[in-house]
Structures are given as structure tokens and as C-alpha cells.
Amino acid sequence: MVGRNDPCPCGSGKKYKKCCESKEAITIEEVQTEELERILQTFYDEYPERKDVSKFAELVKSWSASLSNYLEHEMVEAIALDEFFFHHEPEIWTGYLDKQEKRIVRPSILKVLKEWRNPRVFVGEVVGIDDTYMKVTHILSNETIQLRRESDKPVPVGVHLFCFILPDGSDRENHNLAISSLIFFPTDQNEVFKNFVKQFESQSELSAQTYLKENGKTLWSLLGENGYEGGEYTHFEAGVLQVAIDFLEKNNRDYEKLLEIVEDYLVEQQPNARKEVAIAAGAIRFGQENGLFEPLEITIKEIAEEFNVSTSSLNKYYHDLNNYYERIKETK
């Protein structure tokens, strides 16, 4: 147990009673995490500076020439921004860290900043999940890391992701955080990543990091050619959601509460339905009976007829959703 007059374990150099004792409900790790998040957010608030904007604009123009047919301009800009900072003009990031190190008092934070000198791009497959971290394996190097989750939204094993990473400051080996955009890809893009690995293996004289630095734009182009438009859902999942939205909008009903549950159900459970409308019909009955929108004067048979599905198909996904909903309520 830390005594009141002992040095504070957060590393500030102050006595515990003058530092974190008053924050009894907050752990030292939470205090450090909050400080590191502030440092990252400040970087994106302040950079690129005016003198670097023209270089960044040129990079965006180059990436847009390849990707504008597939992705919204805002997404191209977001992808290009991290490429600009960490692959093209890394001295912007290291210069920012130099300034931060002069202002920081806590030795524990200074130690982390020294570990943050070399951000890495990481393209991986999720192979495990717990409450705080995802276990992710790099598709090119087979390196496996623990990547901090950014929300409690479900992440299924087997999906791929893209981000730039840094050590998360926890002192645990291979524990990392995503610097900015953590992008998940729907499972109907898995074949693209397999083909990208084959391309890499045919040019194996390059390291994984060098290959991604030189061929990052190629990966995004391959995704675009395969139908990726920046969404987190497969075309099938997006179709289910759109059918349900269209029905509720036609009946002047709010769909936000229902969609939040159905989205998580689709991603986490990966239902193997033949028709989008079968799940959508089951979702309407589920939403109606759980009070997720203002009730409609409609029977189960009429819902089935509206969506042109059998009542047995409707009921299968209604029961699936109900069971899923009960499980997630128990965990909260």
C-alpha cells in the first residue's frame, strides 16, 4: 500500500498525498491514459501547420487520383493525413514530441513519448477479443499484438483492420493503441487481404513496413475495385439495414434504437441468411415487441407479407435477435 508521504506511483515526483490520493476512484493508469490521449488529440488539432499544407494537399491530390472513384473525399483525406505525418514527413511528428517532452513533468509520460518516435502502420486480422483489447495478427509479418479497443461495439474474430499504432504506455509487452483512424473492413473484403499477402510474398525482399509504405495506395485501390466504399458493413448487412430503415421511414417510425441492436447483431453473430428481407422482417417484429419504436397496427403475418418472406423465416430471425438481445442485457 502506498503511504501518504511516499512518492506518488504515477511518477510525478510529488508525494502521494499531494498528487493522486484525492483521485481515489481513478487509477494511475487511467490518469496516464488520459494525458496520452490529450497529447495525441492536440497533435491532430494543431497540425499540419500552414507551411506544410501545400505538401499535404499534393499528397491528397495524388491519392484522390487513384481512390476518388471508390471513397468519399473526406475518407481519402483522413487516410492520406496519417500517411503524410508518419511516412512522408515524419519530422513533423518527432518535432511535436520534442516540444511535448519539454513541457511534460511526469517521468512515466516522458518514458512513453520516447517510445513513440516510430509509429507503425498495421494491417491485421482480429484473432481474439477481450473487454479492453483485441488480439490482432499482422497479415504480412505475422506479428501478433494487443490493440486497445476504442469502444464496446462488438468486433468479430476474423475481420481485418487498418491503423497506425504506438505503444499504449501500459508497460505490457506488445500492447498498443491506434493513433487516429482505426478502420475495420467488412468480411466480404477478406479475399482482398489474401491477395495482397500473395503480392507481398512475391516481393519478399522488402520488410512488411517498407512494403506497406510503398504500396499502401495499392491496398486501398484493391479494396475499392472489390466494392469497398468506406462502410463497416458487408453489402448484405447494409442491405438488411436499409430494408428495415425503408419500412420504418415509410411508416413514420424512428429506427435509431432498433438499428443500434440490429447492427451489433449482424456484426457479432454473422447470421447466414439467404435473403436480406428475412432478417429485416424478423427485426421489425423484434423491434415492435420490445418497444424499440412506436407500435404499428400490424400482425406477424402482415409483416411477412410486406417483406415477401415466410412467417417461419421471419420468426427464425426474430428469435435469434431476441436471444442476442437477452444475452447483451445480461452482460450490462
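This is a predicted model, so every value here is computed, not measured.
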Salt-bridge test for [X] and [Y]: reply yes if a basic N is under 4.0 Å from a carboxylate O, no otherwise.
X    : Y    : value
D320 : K316 : yes
R285 : E306 : no
K111 : E115 : yes
D98  : R103 : no
K114 : E101 : yes
E297 : R253 : no

[X] and [Y]: side-chain donor and acceptor closer than 3.5 Å?
X    : Y    : result
T218 : S221 : no
R172 : S170 : yes
K275 : S313 : no
D246 : Q242 : yes
D45  : Q41  : yes
D188 : H235 : no
E268 : Y324 : yes
E125 : T137 : no

With heavy-atom distances below 4.5 Å as the criterion, would you say the side chains of [X] and [Y] are in contact?
X    : Y    : answer
F236 : I279 : yes
T42  : E37  : no
Q270 : E237 : yes
L248 : D254 : no
L147 : C163 : yes
Y44  : I179 : yes
V112 : Q32  : yes

Please say whether more than 12 non-hydrogen atoms of neighbouring residues, nucleotides or ligands are located less than 6.0 Å from [atom1] in [X].
X    : atom1 : value
E91  : CD    : yes
K257 : NZ    : no
R38  : CZ    : yes

Using modelled atom types only, decide if a donor and an acceptor are shared between the side chain of [X] and the backbone of [Y] within a distance under 3.5 Å.
X    : Y    : result
S62  : E58  : no
D130 : Y133 : yes
S141 : H138 : no
N315 : T311 : yes
R148 : D168 : yes
S151 : K153 : yes
N323 : H319 : yes
Y96  : I39  : yes
E225 : L222 : no
W116 : T94  : no

- Establish, for the pair K198 and F196, whether the NZ or CZ atom is under 6.0 angstrom from the six-membered ring centre and no further than 45 degrees off its axis.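 No, cation not above the ring by the 6.0 Å, 45° rule.
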Are [X] and [Y], when compared by the centres of their aromatic rings, separated by less than 6.0 Å?
X    : Y    : answer
Y47  : F85  : no
F56  : W63  : no
F307 : F247 : yes
Y211 : F200 : yes
Y228 : F185 : yes

- Residues two or more places apart in sequence or in another chain: which of them pass ring-ring contact (aromatic ring centres under 6.0 Å, His included) with F164?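 Here the qualifying residues are F86, H87.
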- Task: Quick one: list whatever passes side-chain contact (heavy atoms from CB on, under 4.5 Å) with V123, sequence neighbours left out.
- Result: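 Residues passing side-chain contact (heavy atoms from CB on, under 4.5 Å) with V123: I139, F162, F193, L212, L219.
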- Query: Got a sec, which residues hit side-chain contact (heavy atoms from CB on, under 4.5 Å) with K135, two or more places apart in sequence or on another chain?
  - Reply: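 side-chain contact (heavy atoms from CB on, under 4.5 Å) check on K135 returns V127, T144, Q146.
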